[in-house]
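Chain letters run A, B, ... following the sequence lines, proteins first, then strands; residues in each count from 1.
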Amino acid sequence: EPEVTQTPSHQVTQMGQEVILRCVPISNHLYFYWYRQILGQKVEFLVSFYNNEISEKSEIFDDQFSVERPDGSNFTLKIRSTKLEDSAMYFCASMGEVNTEAFFGQGTRLTVV
Amino acid sequence: AQSVTQPDIHITVSEGASLELRCNYSYGATPYLFWYVQSPGQGLQLLLKYFSGDTLVQGIKGFEAEFKRSQSSFNLRKPSVHWSDAAEYFCAVGLKTSYDKVIFGPGTSLSVIP
């Protein structure tokens, strides 16, 4: 069964460093998302991406965040200068077409120290 | 604004007992509805979904959920809980915009006692 793959599963980074979280969506999917879950809290929408551009972003997704689909298969989330409060589980998701379900990856746990 | 509420932060049930987890949503139209389960340190697994049609939907692991439009609810049920069902359960709403983002509820933590 096709699945969304995220790497790494866990990343530790120092405050102020740049970090890139990587996702390989399901191959024929067209809509891509990043979500965040701070420990013990609910899952929050960050950004959606379609047709090589951001279609929607939340208030959380400030100038420190960016997304990219560099090669037609990967979908990345970059945090330019990490803060302690960026520590969270980050989930990538992809969807084939509208009015269907999104499939979530297993997440990357980011720890900023 | 769209929102999802799960009134119960934490529920404890005995193994073999029945379970109902509550979910209410606020949205201008009938959304898509989902229940996800998350074991500690793990990702999100889809239990079931409602898009249209029969308001009682069956999912994996013996779960079912019923959509009640009049109550804006989508409660999750299981007739007999197993110890392995202990996890965090998230109700979620898929918004019928062009890009179908998902809004998650705060989650209900389920503990199962032998």
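Around atom CG of A/Asp63, no more than 12 heavy atoms belonging to other residues, nucleotides or ligands sit under 6.0 Å away. By the neighbour-count criterion of 12 heavy atoms within 6.0 Å, atom CD of A/Glu59 is sparsely surrounded, having that number or fewer from other residues, nucleotides or ligands. Residue-environment remark: CD (B/Gln58) exceeds the threshold of 12 foreign heavy atoms within 6.0 Å.
A/Tyr33 and A/Phe61 are assigned to two separate hydrophobic clusters, defined by single-linkage of ILVMFWY side chains at heavy-atom distances under 4.5 Å. In the hydrophobic clustering of ILVMFWY residues, with side-chain heavy atoms under 4.5 Å counting as a link, B/Leu110 and B/Leu76 come out together. Note: the hydrophobic cluster containing A/Tyr50 does not contain A/Val67 (ILVMFWY, side chain heavy atoms under 4.5 Å, direct or indirect links). Under the 4.5 Å side-chain contact rule for hydrophobic residues, A/Phe49 and A/Phe91 do not share a cluster. Both B/Val93 and B/Tyr50 belong to a single network of hydrophobic side chains, linked directly or stepwise wherever heavy atoms of I, L, V, M, F, W or Y lie under 4.5 Å apart.
Using a 4.5 Å cut-off between non-hydrogen atoms, no part of residues 15-24 of chain A approaches chain B. Residues of residues 106-113 of chain A having a heavy atom under 4.5 Å from any heavy atom of chain B, listed by number: A/Gln106, A/Arg109. Listed by sequence position, the residues of residues 60-70 of chain B in contact with chain A number zero, using a 4.5 angstrom heavy-atom cutoff. Contacts between residues 35-47 of chain A and chain B, counted as heavy-atom pairs separated by less than 4.5 Å, involve A/Tyr35, A/Gln37, A/Gln41, A/Lys42, A/Val43, A/Phe45.
Residues A/Phe104 and B/Phe104 bring their aromatic ring centres within 6.0 Å.
Side-chain atoms of A/Glu101 and B/Phe51, non-hydrogen and from C-beta on, do get closer than 4.5 Å to each other.
For a residue to count as touching a neighbouring chain, one of its non-hydrogen atoms must lie under 4.5 Å from one of that chain's; by this rule B/Gln38 touches chain A with the side chain only. Using a 4.5 Å cut-off between heavy atoms, B/Leu46 contacts chain A through its side chain alone, with no backbone atom that close.
Contact count versus chain A (heavy atoms, under 4.5 Å) is highest, among B/Gln45, B/Lys49, B/Gln6, for B/Lys49.
Atoms CD and CG, from A/Glu56 and B/Leu95 in turn, are 8.0 Å apart once rounded to the nearest 0.5 Å. Of the inter-residue distances, the one linking B/Lys101 atom NZ with A/Ser55 atom OG reads 10.0 Å to the nearest 0.5 angstrom.
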